[in-house]
**Student:** 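Got a structure for you, written out below as structure tokens; questions coming shortly.
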Amino acid sequence: MIQNRSLQIQSVLYHNEPQRIIRSIKSIARAVDFAINQRLFDEVTVYYGDGSQNPVFNEQEIEELNAEFGEYVKIRYHYFGSNLGSARGHNLLASLTDTDYIMIINPDILLAPDTILQLAKPYAEPNHKVGIVEARQMPIEHPKAYNPKTGETSWASTACVLIPRPVFEKVNGFDADTFFLYCDDVDFSWMIRLQGYKVIFQPSAVAFHDKTLSNNAAWQTSDAEDYYSAEAGILMAYKWSRSDILSNILAYFDNSNISYYKKAAEHFRKLKSEGKLPQQVDPDHKIGEFINNNYGKMRFSL
Amino acid sequence: MKKKSIDEYPYQFEYAVDNVYGHAVNLLSRFDFPKEGIHLDIGCGWGAISRELKNAFQLHYVGIDADPDAVKHLSEEGTEAYQFQLAGCEENIRFIQNLIGNRKVASISILDTLEHVVNAEDVFQTIAALSKQYNAPVVISVPNFAHDDIVLKLLCNKFNETSTGLLDETHINIFTEEKLAAISQKYGLHQIGQQDVVLEKSDQYFPKELLTLADQSSLRQLLLGLRKGMKENGKVNQFVRLFIASHGVQSADNHSKQRPFLSIITRTVGDRPQELKEVLLCLTGQECTDFEVLVVGHKLSVDKQLVVEGIINDLPDWMRSKVRLIRVDRGNRSTPLNVGFQQAEGQYISILDDDDIVFSNWVDEFKKLSVTNYGKILKSVSVRQEYETVETSYGNKTSRAVSGFLNDYPAEFDYITMLHHNQCPGLCLAFPRSLFHDFGLRFDESINTIEDWDFIVRSAFICGVASTPVVTNIYRWWIKGTSSQSLHNQQEWEDNYRYVQNKFNSQFFIMPPGNVKRLSALVGMYSQGASNDSGILVNDELVSKRKIAHLILTSNSWNITKPMRLVKRLLGKRTCVPDIFSAGEKELDEFIFNAQNSKSWKLTRAFRKS
């Protein structure tokens, strides 16, 4: 059982609407109230790192937020001055404090009142070697597979996760040099598993992540999401020593008439020529799971 | 009603057990009050109830009226009576107190008078003050301006005043039940009994050839059908009500009341705490927060009630203030819906069960749609997703999705198909409150399944449906565990289906524009199917094969397996679907054989309900 530990809930902003963030804070305050009441945590900081072109909040607004929610959480804000990307932004935020646990959330995530309690449950037994616990996103549930008895899964989406700081530091946080926007969480999860820890999906910890479907019920992605996930796909195959998959992807991208595929392949070759590719890991393919263009088994496709 | 001279209205016709006077006396006789002192009859006319009150209760009758002839008549027959023109409250009370003196007032009546007085509210105030002072019951009668005959004539621009009756030309005030209740409550007159005078056909039932009055015209039947649910007072000629005075009630001004846009009715029996928590979390994430939530706990045990209360109390403050728990300990699945709709304050009302999931745009899309379609049912699109229960070693019992999004439900509301089967999960619709609160539509509490389909269809043909193609919600389809799909047996589904279809068939429906051509086309197809090119009827076997093909094409399995056929098509293999009304026997045989022997048909056997 976790007891009286400190927690930092951190989020990287990029041109988010303040009202959505404030609504998220309201839900965080309620969930923290419960976590403190159960003596899981005795000190909780909510730290926002802002990579927007113009600051989302000014000092006075942060003061006002602290005046309103200070009973439960201390709200801190760091304006990055540039778009560092998700991975580097989270590494920076994590380095600003020394709390026992780090919770990473998307800025507009809404927590249920018991989400933090549920996320903390798998850490009750230290010998279970749990390295990261992921909440279930709603209304669109992530389709990746997990063991329905243990909750073990291939990787954790960092839309809403709880991580012990020692684990975060043991893997040196996210690989920000390699991943800008996508797959930083897949890589991070696999690095945790490489250290012998488990990645746990906790379905009873729920978090509302505002996503909608197209009119034909399809998952909608932006142009940036399409490009960065293609770019990250190549780098994942390289870093996790899957030369077979890497060559397949490159061949497919090169022959595709989709512009962002070609651009992603070019980016990879540029990094290679500049000697900027990451160090390869998992040569025996014990951790990395590349299954049907996904990073693990899927329960269904979206 | 206008008081007539003794010549026009012979005395002996004034009192009858089944008219307003008889009802007034009967109401007083049913109320156990000290029958000592005087009965004050304000607007007494020719004293129609004087003899009956004297005989039945031994009360001392005192009449007051503005008509000197009437007062003279009463005085001459030995009844205490006074001439007085009702005026302001203070003046009224001064006059009446003066004539009462030290005597006690046992009871009061004011029959068919309030519609004639200039200052009706002063008179209400007067009788309320007297009733309160003497603890005296008051009988009030007023004509019903909302009698079917008046309303149905007004629809045809006909307003016929007469020398007496419902539209007496001397009436200054008009009353409906709602208005009588509002003024009475305002002055502290609380209703304790009623015995209205009901007339199937009033003195306003003319001209009889008017289509809204002519008994057998469809228009009349349709309109009467619509009015039937409106508090059932369309046949009341005069409201005859018994009141006793106490403190006044500030009745809500319904016209200027600020209502939330949407009332969300969430039924729960308390056995899905995790899913209820998730529904409320989804509502916490709504773009548009102009809503209230009524969690209707149905037959909750104390333990389950505590769980549900706990889930609500755990919400962030702003959300908790929007949620009410209502307990319902009776009835079936329809009952909590009726109770929830009854207590809903919103302009629109939606059903969101405790295992449904909504996107952040759910309320917002309804609201946007209402801007240009106010008054219609609002419809967005549901997708179906299969779920099963799960409980990992670290967590509580909860659920997990096991399928992608199944686009089973159409974007447009199809009135004709909806007469055959339901294509709309409840959560994709928002109903105008007027359907329930004004038109009296209710969920049928005699059925335990398809109650939503029955309500949707009856509602849709009254107010129409406006659709948006935007997906706003997920209808959870439980693969394992309990749901309404698994709780009720096939026989119950079939019995209820027949019951609801018979119900639809027995009433008039208003068919919106755009459906006549479709119906015509359907009849055309049917006619083609009934005869071959030579005009000779086709054989029974061919007809039955067409029916089988039709059943396949309209089955759940066929809808569910649409994505599989799409994949097949992308792979270059098309599924041949014949035009069932023109296809030959061989073509139909081939289609039926291929469909029934396909892998997808076998896999989706569970979805074929009949």
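This one's a predicted model, so the numbers in the text were calculated from it and none came from an experiment. Per chain, numbering begins at 1; letters A, B, ... match sequence-line order.
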**Student:** Could you look at N313(B) and say if it's the side chain, the backbone, both or neither that has a heavy atom under 4.5 Å from chain A?
**Tutor:** backbone

**Student:** Tell me whether S204(A) contacts the main-chain N or O of G395(B) through its side chain, where contact means a donor paired with an acceptor under 3.5 Å.
**Tutor:** no

**Student:** Taking every non-hydrogen pair under 4.5 Å, which of K26(A), R136(A), Q118(A), K121(A) racks up the most with chain B?
**Tutor:** R136(A)

**Student:** Taking atom CG of N4(A) as the centre, does the number of heavy atoms from other residues, nucleotides or ligands within less than 6.0 Å exceed 12?
**Tutor:** yes

**Student:** Chain A heavy atoms under 4.5 Å from V390(B): which part of the residue, side chain, backbone, both or neither?
**Tutor:** side chain

**Student:** Among A217(A), P122(A), G151(A), which has the most heavy-atom pairs under 4.5 Å with chain B?
**Tutor:** P122(A)

**Student:** Mind listing the closest non-hydrogen atom pair of K277(B) and V206(A) along with its distance?
**Tutor:** CE-CG2, 4.3 Å

**Student:** Identify which part of V381(B) has an atom lying under 4.5 Å from any heavy atom of chain A, answering side chain, backbone, both or neither.
**Tutor:** neither

**Student:** Using a cut-off of under 4.5 Å for heavy-atom pairs, which of S399(B), A401(B), C282(B), P316(B) has the most such pairs with chain A?
**Tutor:** A401(B)

**Student:** So what's closer than 4.5 Å to chain B heavy atoms on F34(A): side chain, backbone, both or neither?
**Tutor:** side chain

**Student:** Looking at CZ of F208(A) and CG of L280(B), how far apart are the two atoms once the value is rounded to the nearest 0.5 Å?
**Tutor:** 12.5 Å

**Student:** Around atom CD of E64(A), are there more than 12 heavy atoms from other residues, nucleotides or ligands closer than 6.0 Å?
**Tutor:** yes

**Student:** With a 4.5 angstrom heavy-atom cut-off, which part of P203(A) approaches chain B: side chain, backbone, both or neither?
**Tutor:** both

**Student:** Would the number of heavy atoms belonging to other residues, nucleotides or ligands and lying under 6.0 Å from CZ of R320(B) be above 12?
**Tutor:** yes

**Student:** Before you tell me yes or no, could you show the steps for Q202(A) and T392(B) under side chain to side chain contact (heavy atoms under 4.5 Å, CB included), namely the whole-Å CA-CA distance, both residues' side-chain angles and the distance that decides it to 0.1 Å?
**Tutor:** CA-CA 8 Å; Q202(A) 176 69 311; T392(B) 66; 3.6 Å; yes

**Student:** For a side chain to side chain contact (heavy atoms under 4.5 Å, CB included) check, start with the C-alpha distance between Y394(B) and V130(A), then their side-chain angles and the critical distance, and finish with the verdict.
**Tutor:** CA-CA 11 Å; Y394(B) 294 116; V130(A) 175; 3.9 Å; yes

**Student:** What residue in A411(B), S393(B), S403(B), G404(B) has the most heavy-atom pairs under 4.5 Å with chain A?
**Tutor:** S403(B)

**Student:** Test the R400(B)-F201(A) pair against the cation-pi criterion, namely NZ or CZ under 6.0 angstrom from the six-membered ring centroid and within 45° of the ring axis.
**Tutor:** no

**Student:** For the NZ atom on K297(A), are there more than 12 heavy atoms of other groups (residues, nucleotides or ligands in this structure) within a distance under 6.0 Å?
**Tutor:** no

**Student:** Given that the side chain runs from C-beta out, which part of I200(A) has a heavy atom under 4.5 Å from chain B: side chain, backbone, both or neither?
**Tutor:** side chain

**Student:** Side chain, backbone, both or neither: which part of T284(B) has a non-hydrogen atom closer than 4.5 Å to chain A?
**Tutor:** both

**Student:** Could you look at L281(B) and say if it's the side chain, the backbone, both or neither that has a heavy atom under 4.5 Å from chain A?
**Tutor:** both

**Student:** When you look at CD of E71(A), are more than 12 heavy atoms from neighbouring residues, nucleotides or ligands closer to it than 6.0 Å?
**Tutor:** no

**Student:** Name the region of E287(B), side chain, backbone, both or neither, that has any atom closer than 4.5 Å to a heavy atom of chain A.
**Tutor:** both

**Student:** Is chain B contacted by the side chain of A207(A), its backbone, both, or neither, given a heavy-atom distance below 4.5 Å?
**Tutor:** backbone

**Student:** Side chain, backbone, both or neither: which part of Y409(B) has an atom under 4.5 Å from a heavy atom of chain A?
**Tutor:** neither

**Student:** Contact part of S24(A) toward chain B, heavy-atom cut-off under 4.5 Å: side chain, backbone, both or neither?
**Tutor:** neither

**Student:** Dump the intermediate steps for side chain to side chain contact (heavy atoms under 4.5 Å, CB included) on E386(B) and F300(A), then the final yes or no.
**Tutor:** CA-CA 10 Å; E386(B) 292 165 351; F300(A) 53 88; over 6 Å; no

**Student:** Under 4.5 Å from any heavy atom of chain B, what part of L110(A) do you find: side chain, backbone, both or neither?
**Tutor:** both

**Student:** For S360(B), run the side chain to side chain donor-acceptor pair (under 3.5 Å) check against D108(A), T212(A), D210(A) and tell me which one passes.
**Tutor:** D210(A)

**Student:** Output, in order, the C-alpha distance, side-chain angles, deciding distance and verdict of side chain to side chain contact (heavy atoms under 4.5 Å, CB included) for R23(A) and T289(B).
**Tutor:** CA-CA 11 Å; R23(A) 197 192 291 193; T289(B) 57; 3.6 Å; yes

**Student:** For the atom pair CD (Q274(B)) and CG (D114(A)), what is the distance rounded to the nearest 0.5 Å?
**Tutor:** 6.5 Å

**Student:** Highest number of heavy-atom pairs under 4.5 Å with chain B: which of A29(A), P139(A), S214(A)?
**Tutor:** P139(A)

